[in-house]
Amino acid sequence: MSPRRHPPGAARKDRRVKPLDFVLVGVGGQGILLASDVLCQVGLAAGYDVKKTDVHGMAQRGGSVVSHVRLADRVFSPMVAIGGADFLLAFEKLEACRWASYLRPEGTALVNDESIPTLAALSASPRRRAQGGPAYPDDEAIAKALAASAGRVVMVEAGAIASRLGNPRVTNVVLLGALSRLLPMQEDEWHSALEARVPARYRDVNLRAFQAGREAVDQRSV
Amino acid sequence: MKRLLLGNEALALGARAAGVAVATGYPGTPSTEIMEHFARYPGVRAQWCVNEKVALEVAIGASLGGARTMVTMKHVGLNVAADPFFAAAYTGVNAGLVVLCADDPGMHSSQGEQDNRNYARFAKVPLLEPSDSQECFDMVGVALDISEEFDIPVLLRTTGRVSHAQSVVEVDPALFQPTPKDSVRPRTFIRAPAKYVMLPGNARTRRLQLEERLKRLRQYAETTSLNQTLWQDRRLGVVSGSIAYQYAREAFPTASFLKLGMAYPFPADLVSRFAREVEVLVVVEELDPFLEEQIRSLPALQGMPIHGRDVFPGVGELSTELVAGCAIEHGLLSPTAAPSTTASSQPVTPLPMPPRPPVLCAGCPHRATFYVLGRLHAPAAPAEAGDRGGERQRERVIVTGDIGCYTLGALPPLSAMDTCLCMGASIGTALGMEMAGHKHRVVAVIGDGTFYHSGITGLVEVVTSGAATTIVIMDNGTTAMTGGNPNPGSGITIQGAPAPKVTLESLCRGLGVQDVVVVDAYDTEAIRAQLERSLRTDDPTVVIVRAPCRLQVSGPSEQVAWVDPDECVGCEVCLRAGCPALTRAGDKVEILAALCTACNLCGQICPHDAIHLGPRERTEG
């Protein structure tokens, strides 16, 4: 067997970097996996060891989707620990709450200000709805739940921004742009990772979405 | 060159690097992407087979024929392929044969969790377990070398968290070039009936030789670099492997480690030597206590403090915080020595969370059938055993289901599936229901891919039983659940090239079913009428409900459905279709144009004719 890239116990000495743990969550079909792929490439370009894991199978359409990204000198587990994430990047508000326990107390929740009702809650008969069963929480409950888990909460109207750009499908890239303002990596590293991952004919709208996401955070002067 | 690779992609690339020329498999999460990536390489043969048993039989043939071969499947797939798997341990191989099998601890997309390490010991086959993508890449080649050196198939077992994690792999860029690195020359087939023909007389000899091969493999396991020792603090020694090793390394940052990349045959001396150097031994492994039981049986370690299943759970996935938390609870780790993330985790006020399971896609061709089945009642006549007349009339049909996207038809609001056991089981289950007295009340549903996989034999049983079973084959032309993999009815290969097609209608007729009907999957009334007719007959009926998988249809539909707010009374009947394109807008219903595919199921079931189809541009403008 060829020698391991990392012999057990020998941490890479070429570069010391602050470890960063991310949890990306949302609803299947929102482009979460593309976003976490781009984040990984940016991490790799910045000299980190990178591991990522996410849900597969049954395509998870319309279901709750979570992707873990870990950047450090050397990463062991591909999964972020509960209470260990520096960033929760949420593409949908209910999913932000569902996975908020992954944040460390001083961690940041960056949340797309958009609600997608669950199908079961939506289609339940009025009688069944009256009997209870958890309904979609209201904004106040969501804000409270996020505040309880996160050191800071940054809401971005990523869906609305993407629609204004003429393509609701770039919501994920608006969020990445917003995230990029909160991270030490260079802007051009983000651009090249994005360009490598999106089809050429959607390059421009994605770069505009990325820029709009950056500006959305700047306007909040976080 | 550093590449960030999915474990499954690294396995495929590792197979290419090691000169694998033939790969077969059956798609199944978490194993599917191995074949998808491998099939893209030029100069190799890669093929999806109808089921895992056939895939392994083809693979054994390719190995005996002289090509380095890989076969891929998910954990439960090896149950299907168990028969040839056990036999191949006896016959051995010619060119290397590696069986890649992906377990699913935590059942992210499986009907059960099972620890396939047991299959290695059960079939007496060596077992290798990678813990990240780099090891996935490296171990395929090592497995093939072992296979050839010891004349035995090798089980390379991953888990979902290894298969579906991406991590950094050092690869030779030449591997991505169009010309494959052809370092391994094919072997020639050598006639050896005593080795390959398992008549009892030959098998008895091979059985003894298998023991000899295992003896030599045990010696190999003692010294191979697949098993690695890391000396740190000797007060605690951890034995682990696979993904559990990664969790343990993080949870016990200062402990000494014995990482078993080759977990069977079990390296007894290596483990004993390691254990004697440490004060307390901890075994960290997911699912079954596979290593622990072998370690506890070592005579040299009697009386030594050994921990494993007494500390860590044997159900579901482990994680760093779970390993650390359990270790702290049992005094094996001080809270201050644990990773900071574990110490800082805090309970958060729980907010009631409505679950969000995956759903059938907007425009899915299975939806209308389930909508009908969920509302279909058993016909009044003819009478049957145990019939209670009028009461029976009110009873909904029983739907025996199967494994595929359409298993989602069991979830509300469709709620139209009553059983689901394993691939291909729905037809046999329906036959059994019928035998128990529910004639004319049971409908078996099965996908086209699953029917080819192992539904065919169930249908043969129905025919020869003289039963009246009603079988719905939901034919969307693909194996949709694992990402749209071609099956014998798709007419394409894994590489996308045209392929001969098996026709469901002629296949079913050939098996002896007289009553084979094809219905449009979007025609709700036709499906209902046909099912009502089929349930009344005393002969077996196959109803093929056909339309292509919506994900295989390229581009958005030209039309969309829209709700006329003047006609909509907010009765929400359309929401019972469970379509993600439908949502509430105030006290009425609205259709999200971006998701709508104009399948018009909602239009068909709206009691107030409030839903219409129109050109997409107009509604989006």
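Numbers restart at 1 for each chain; the letters A, B, ... are given by sequence-line order, proteins then strands.
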Rounded to the nearest 0.5 angstrom, the OG1-CG distance for B:Thr583 and A:Leu122 is 4.5 Å
To the nearest 0.5 Å, atom NE2 of B:His108 lies from atom CG of A:Asp54 at 11.0 Å
Scored by heavy-atom pairs under 4.5 Å with chain B, the best of A:Cys97, A:Ser67, A:Ala121 is A:Cys97
When the 4.5 angstrom heavy-atom criterion is applied to B:Leu318 and chain A, the contacting part is backbone
Should we count CD of A:Glu106 as having more than 12 external heavy atoms under 6.0 Å? yes
State, yes or no, whether a side-chain contact exists between A:Pro78 and B:Val162 at a heavy-atom distance under 4.5 Å. no
Checking heavy-atom separations under 4.5 Å from chain B, one finds in residues 34-43 of chain A A:Asp37, A:Cys40, A:Gln41
Rounded to the nearest 0.5 Å, the NZ atom of A:Lys52 sits from the OG atom of B:Ser167 at a distance of 12.5 Å
Filtered by a 4.5 Å non-hydrogen cutoff, the part of residues 88-95 of chain A contacting chain B is A:Glu92, A:Leu94, A:Glu95
ask   = Does a side-chain heavy-atom distance below 4.5 Å link B:Pro354 with A:Pro117?
value = no
Applying a strict 4.5 Å limit to non-hydrogen atoms, the region of B:Leu595 in contact with chain A is neither
Notebook entry, point to check: Around A:Glu189, counting heavy atoms of other residues, nucleotides and ligands shown, do more than 12 lie under 6.0 Å from its CD?
Noted result: yes
If you tally heavy-atom pairs under 4.5 Å between each of B:Cys579, B:Gly578, B:Ser319, B:Pro580 and chain A, the highest tally belongs to B:Gly578
pair B:Thr320-A:Met79: side-chain heavy atoms closer than 4.5 Å
no
Honestly, the part of A:Val69 sitting under 4.5 Å from a heavy atom of chain B is neither
If one checks every heavy atom of B:Leu4 against chain A at 4.5 Å, the contacting part turns out to be both
Quick check: does any side chain N or O of B:Glu321 sit under 3.5 Å from a backbone N or O of A:Ile82, one acting as donor and the other as acceptor?
yes
Max heavy-atom pairs within cutoff under 4.5 Å with chain A, candidates B:Ala362, B:Ala165, B:Gly160, goes to B:Ala165
Assess the residue pair A:Ile116 and B:Arg356 against the criterion (side-chain contact (heavy atoms from CB on, under 4.5 Å)); give the C-alpha distance rounded to whole Å, side-chain angles, the decisive distance to 0.1 Å, and a yes or no. CA-CA 10 Å; A:Ile116 302 176; B:Arg356 199 194 290 273; 3.9 Å; yes
All heavy atoms of A:Thr53 vs all of B:His164, minimum pair found to be OG1-O, 3.5 Å
Shortest non-hydrogen pair, A:Ser77 vs B:Glu250, comes out as N-OE1, 3.0 Å
Closest heavy-atom pair, A:Arg98 versus B:Met353, reported as atoms and distance to 0.1 Å, is N-CE, 3.6 Å
